[in-house]
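These values consider heavy atoms only, across backbone and side chains, with no hydrogens, waters or symmetry-generated copies. Chain letters run A, B, ... following the sequence lines, proteins first and then strands; every chain starts at 1.
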Amino acid sequence: MNKNLNFFNTLSNKKEKFTPINNNKVGMYVCGPTVYDFPHIGNARPLVVFDTLFRLLRTLYGKNKVTYVRNITDIDDKIIESSKKNKKSIKELTETITKSFHQDCKYLNCLNPTFEPKATEHIKGMINMVSNLLKNNHAYENKKHVYFSVSSFKKYGKLSNKNSEQLVAGSRVEVSKYKKDPLDFVLWKPSDENDPGWDSPWGRGRPGWHLECSVMSEKFLGKQFDIHGGGLDLVFPHHENEIAQSCCANKTENFANYWLHNGFVTFDKEKMSKSVGNIVTINKLSENVNGQVVRLALLSSHYKQPLDWNEQLIKDSQNTLDKWYEQFEKINLEELSDDVLKPLQEDLNTPEYIAKLHSLFEDSSKGNKSAKVKFLSACQQIGLLEEDKQSWNNFKKAKSKVDENFINEKIKDRNEARKKGNYKLADSLRKELDDNGVIIEDKQEKTTWKYK
RNA sequence: GGCCACGUGGCGGAAUGGUUACGCAGAGGAUUGCAAAUCCUUCCAUCCCAGUUCGAUUCUGGGCGUGGCCUCCA
């Protein structure tokens with residue numbers, strides 16, 4: 001198996017050959033959720049995309065050679081706001097959302113990351129990093145706030161391809177009276193008495209956003225590592241600030257070598273936003289749509305492209321999987337050929353890979369056992385058809401109003417009517433079943449049925 | 001205003017300096033009491049204008065259009 005991999009790197013704005021720091025293992029950090037509200041379909045995309053990348057890296061480098069870190073940010077102003085608004089304690093809120101998030105991950109069939117650190121468990125590390133930045137003259141303290149001094153870091157703006165003048169010209173940067181420069185961002189800020197806070201050399205307070213990722217990536221992956229992923233919207237300022245903090249605190253030239261960013265999900269061609277009310281949460285979706293369907297839908301376009309979430313997409317994905325599940329069998333997986341894996345190795349080209357799955361399905365449905373093994377192994381490579389056929393059907397069954405006895409009765413009645421030539425009655429019985437989400441198929445010797 | 005991405009058939013969506021995937025939908029056929037499913041066959045596309053080239057959808061320049069970022073956001 002060749003390990004050739006190419007990624008589009010946001011840092012260079014072009015596709016590059018992937019070379020890990022250590023040639024037989026890989027470290028990857030992906031920005032996880034801030035647990036202030038239920039994760040939605042837009043949050044699901046990076047989960048599935050980077051899970052697919054994680055699976056690919058494990059295939060190429062070996063299961064134990066890939067370290068995947070995905071954080072949970074459980075201290076942030078948004079959490080404090082949400083807690084106040086919903087009159088829930090911080091603890092209750094963050095625990096509820098974290099639990100829901102974990103259910104979502106399972107629903108989407110994402111593997112557990114190697115580490116899933118929480119920000120609140122690394123406050124000490126954050127304080128150390130802030131101290132380091134102060135010591136290195138990359139930060140300054142003012143009235144219990146500590147700010148990062150952007151002008152002290154020459155490479156600032158490299159990732160997002162911005163320069164300081166442009167940013168200031170935008171002039172929508174929040175200007176705090178305690179900042180020396182409008183571009184500076186907060187590393188530590190004081191907390192009100194009733195808000196979460198930790199003792200620090202600068203008084204009781206809490207970390208600024210961005211800091212947790214710098215600290216936790218260092219702890220689990222080192223000062224420099226291979227891949228950093230997240231949504232496109234995190235490029236600026238979040239990832240830009242992470243780079244600045246980490247490089248300055250650690251005195252390193254680089255932070256992550258490859259930056260991968262996924263595109264947005266729109267909803268019926270519209271931007272998702274709370275005010276429009278078109279946010280689909282994953283847990284809401286899970287009531288009606290199988291997680292496999294969501295996963296396939298999310299992988300149906302290239303991760304960097306925008307993806308529109310709509311009924312048609314769900315329907316198409318569902319139909320495809322219905323078809324594919326006809327080939328389902330419990331099998332021993334086999335190693336995939338270079339030819340099959342190639343699309344994934346070219347910047348995780350999942351649409352091309354899925355096209356290949358269609359062709360493998362074709363071979364499988366008219367071929368022998370070995371073609372089937374190949375098809376199923378290829379599906380499972382990207383986390384599809386891992387759920388068995390039974391539970392695939394059970395999901396649909398659970399949504400149906402009618403049970404098997406009812407269905408079998410109707411089929412029996414219908415077949416009797418057919419025998420007598422009473423096709424009008426037979427058709428109305430079929431229609432009745434169809435209205436209840438059951439499709440009938442007359443095969444040579446018997447009538448089979450399935451849930452829609 | 002600055003920066004970036006994108007514009008492929010009816011829809012979704014890849015790739016490519018020469019023969020343009022794949023899925024859905026459509027058409028025709030086999031099969032069927034009729035359907036469904038399946039199988040076979042089949043139609044349909046590279047935003048516009050220049051340039052480079054023997055040849056561009058692909059490269060370059062310009063135009064038009066769409067979206068994103070510059071502020072919390074996956």
**Prompt:** So what does Gly42(A) hit on the nucleic acid, given a heavy-atom distance under 4.0 Å: a base, only sugar-phosphate, or nothing?
**Reply:** base

**Request:** Mind calculating the distance between CG (Asn310(A)) and C1' (rC24(B)) to the nearest angstrom?
**Result:** 12 Å

**Asked** Which part of the nucleic acid does His302(A) contact within heavy-atom distance under 4.0 Å: base, sugar-phosphate only, or nothing?
**Response** sugar-phosphate

**Request:** Write down the partner of rC22(B) under the Watson-Crick or G-U wobble criteria, each distance required to be under 3.5 Å.
**Result:** rG12(B)

**Request:** Answer with base, sugar-phosphate or nothing: what part of the nucleic acid does Arg414(A) contact at a heavy-atom distance below 4.0 Å?
**Result:** base

**Asked** Mapping Gln312(A) and Lys450(A) onto RNA chain B by nearest heavy atom, which one lands closer to the 5' end?
**Response** Gln312(A)

**Asked** Using 30° and 60° as the class limits, which term best fits the ring planes of His239(A) and Trp259(A): parallel, tilted or perpendicular?
**Response** tilted

**Message:** Rounded to whole Å, please give me the gap between CG in Asp37(A) and P in rC73(B).
**Reply:** 14 Å

**Prompt:** If we take the C1' atom in both rG9(B) and rU46(B), what is their distance in whole Å?
**Reply:** 9 Å

**Prompt:** Whole Å only: how far is the NZ atom of Lys179(A) from the P atom of rU71(B)?
**Reply:** 10 Å

**Request:** Remember a base hit wins even if backbone is also touched, and classify Glu326(A) as base, sugar-phosphate or nothing at under 4.0 Å, heavy atoms.
**Result:** nothing

**Request:** Please determine if Lys78(A) forms a cation-pi arrangement with Tyr36(A), meaning its NZ or CZ atom is less than 6.0 Å from the six-membered ring centre and no more than 45° off the ring axis.
**Result:** yes

**Asked** So what's rA50(B) paired with, Watson-Crick or G-U wobble, going by both distances under 3.5 Å?
**Response** rU60(B)

**Request:** Tell me, please, whether Phe38(A) has Lys284(A) positioned over its six-membered ring: NZ or CZ under 6.0 Å from the ring centre and within 45 degrees of its axis?
**Result:** no

**Request:** Determine the Euclidean distance between corresponding P atoms of rU42(B) and rC34(B); express it in Å to zero decimal places.
**Result:** 26 Å

**Message:** Considering every strand and a 4.0 Å limit on heavy-atom distances, what is the contact class for Asp442(A): base, sugar-phosphate, or nothing?
**Reply:** base

**Asked** Taking only side-chain nitrogens and oxygens of Asn13(A), does any of them come within less than 4.0 Å of OP1 or OP2 of rA5(B)?
**Response** yes

**Message:** Categorize Lys356(A) for me: base, sugar-phosphate, or nothing, with a 4.0 angstrom heavy-atom threshold over every strand shown.
**Reply:** nothing

**Asked** What's the shortest heavy-atom distance between Arg414(A) and Ile440(A), and which atoms?
**Response** NH1-CG2, 3.6 Å

**Prompt:** Can a donor-acceptor pair be found between the side chains of Asp184(A) and Ser149(A) at a distance below 3.5 Å?
**Reply:** no

**Asked** Do Arg430(A) side-chain and rA35(B) base share a donor-acceptor contact under 3.5 Å?
**Response** yes

**Message:** Say we look at rG61(B) and rG68(B): how far apart would their C1' atoms be, to the nearest angstrom?
**Reply:** 24 Å

**Asked** How far, in whole Å, is rU20(B) from rU57(B) if one measures between their P atoms?
**Response** 13 Å

**Request:** Identify whether any heavy atom of Lys431(A) sits under 4.0 Å from a base atom; if not, whether one sits that close to sugar-phosphate; answer base, sugar-phosphate or nothing.
**Result:** nothing

**Message:** Mind checking if Lys323(A) touches a base, just sugar-phosphate, or nothing, with heavy atoms under 4.0 Å?
**Reply:** sugar-phosphate

**Request:** Looking only at side-chain atoms of Lys78(A), point me to the closest of rC24(B), rC72(B), rG33(B).
**Result:** rC72(B)

**Message:** Between rU60(B) and rG67(B), how far apart are the two P atoms, rounded to whole Å?
**Reply:** 25 Å

**Prompt:** Can you tell which of Tyr68(A), Tyr29(A), Phe220(A) makes a ring pair (Phe, Tyr, Trp, His ring centres under 6.0 Å) with Phe115(A)?
**Reply:** Phe220(A)

**Asked** Of the nucleotides rC24(B), rG13(B), rA74(B), which has the atom closest to the Pro351(A) side chain?
**Response** rG13(B)

**Message:** Can you tell me how the ring of Tyr147(A) sits relative to the ring of His145(A), calling it parallel under 30°, perpendicular over 60° and tilted otherwise?
**Reply:** parallel

**Item:** Near-parallel close stack of Phe264(A) and rG68(B) base (under 5.5 Å, under 30°)
**Value:** no

**Item:** Ser301(A) vs Gly231(A), nearer the 5' end of RNA chain B by closest nucleotide
**Value:** Ser301(A)

**Message:** Less than 4.0 angstrom between a side-chain N/O of Asn161(A) and OP1 or OP2 of rC4(B), yes or no?
**Reply:** yes

**Item:** Any N/O donor-acceptor pair, Asp427(A) side-chain to rG33(B) base, under 3.5 Å
**Value:** yes

**Message:** Nearest whole Å is fine: how far is rA36(B) P from Ile439(A) CD1?
**Reply:** 11 Å

**Message:** At less than 4.0 Å, is any side-chain N or O atom of Lys269(A) found next to OP1 or OP2 of rG12(B)? Yes or no.
**Reply:** yes

**Fill in**
Rounded to whole Å, CG of Asp233(A) lies from P of rC69(B) at a distance of 7 Å

**Message:** Ignoring hydrogens, what is the shortest heavy-atom contact between Trp324(A) and Ile354(A)? Give both atom names and the distance.
**Reply:** CH2-CG2, 4.2 Å

**Separation of the C1' atoms in rA56(B) and rG17(B), to the nearest angstrom** = 6 Å

**Asked** For the ring pair Phe225(A) and Phe255(A), is the centre-to-centre distance below 6.0 Å?
**Response** yes

**Request:** Under 4.0 Å between any heavy atoms, over every strand shown, what does Lys271(A) touch: base, sugar-phosphate, or nothing? Just pick one.
**Result:** sugar-phosphate

**Prompt:** Any idea which of rC22(B), rG33(B), rA14(B) is nearest the Tyr423(A) side chain?
**Reply:** rG33(B)

**Prompt:** Between rC4(B) atom P and Glu240(A) atom CD, what is the distance in whole Å?
**Reply:** 14 Å

**Asked** Of the candidate nucleotides rG68(B), rG33(B), rC70(B), which contains the atom at the shortest distance from the side chain of Lys162(A)?
**Response** rC70(B)

**Message:** Heavy atoms only, 4.0 Å cut-off, all strands: where does Val235(A) land among base, sugar-phosphate and nothing?
**Reply:** nothing

**Asked** Of the nucleotides rC72(B), rG33(B), rA14(B), which has the atom closest to the Arg418(A) side chain?
**Response** rG33(B)

**Request:** Whole angstrom is fine here: how far is it from OH in Tyr36(A) over to P in rC73(B)?
**Result:** 8 Å

**Message:** Regarding Thr448(A), tell me which of base, sugar-phosphate or nothing describes its non-hydrogen contacts under 4.0 Å with the strands shown.
**Reply:** nothing

**Request:** Using the P atom as the reference point in each nucleotide, state the distance between rA15(B) and rC3(B) in Å, no decimals.
**Result:** 27 Å

**Request:** Measure from the side chain of Phe236(A), starting at C-beta and using heavy atoms only, and say which of rC70(B), rA74(B), rU38(B) lies closest.
**Result:** rC70(B)

**Message:** Does the structure show a Watson-Crick or G-U wobble partner for rG1(B), both distances under 3.5 Å? Name it, or say none.
**Reply:** rC70(B)

**Request:** Mark yes or no for a side-chain to base donor-acceptor pair under 3.5 Å between Asp76(A) and rC73(B), with no hydrogen or angle criteria applied.
**Result:** no

**Asked** Which nucleotide, in any strand shown, forms a Watson-Crick or G-U wobble pair with rU38(B), with both distances under 3.5 Å?
**Response** rA30(B)

**Message:** Please determine whether a side-chain nitrogen or oxygen atom of Asn319(A) lies at a distance below 4.0 Å from atom OP1 or OP2 of rG23(B).
**Reply:** no

**Message:** Please give the distance between the P atoms of rG33(B) and rA27(B) as a whole number of Å.
**Reply:** 23 Å

**Message:** Please confirm whether the shortest side-chain N or O distance from Trp209(A) to OP1 or OP2 of rC73(B) is below 4.0 Å.
**Reply:** yes

**Criterion side chain to side chain contact (heavy atoms under 4.5 Å, CB included) against Gln381(A), the qualifying member of Thr59(A), Leu357(A), Val340(A)** = Thr59(A)

**Item:** Nearest-Å distance for atom pair CG/P, residues Asp347(A) and rU16(B)
**Value:** 12 Å

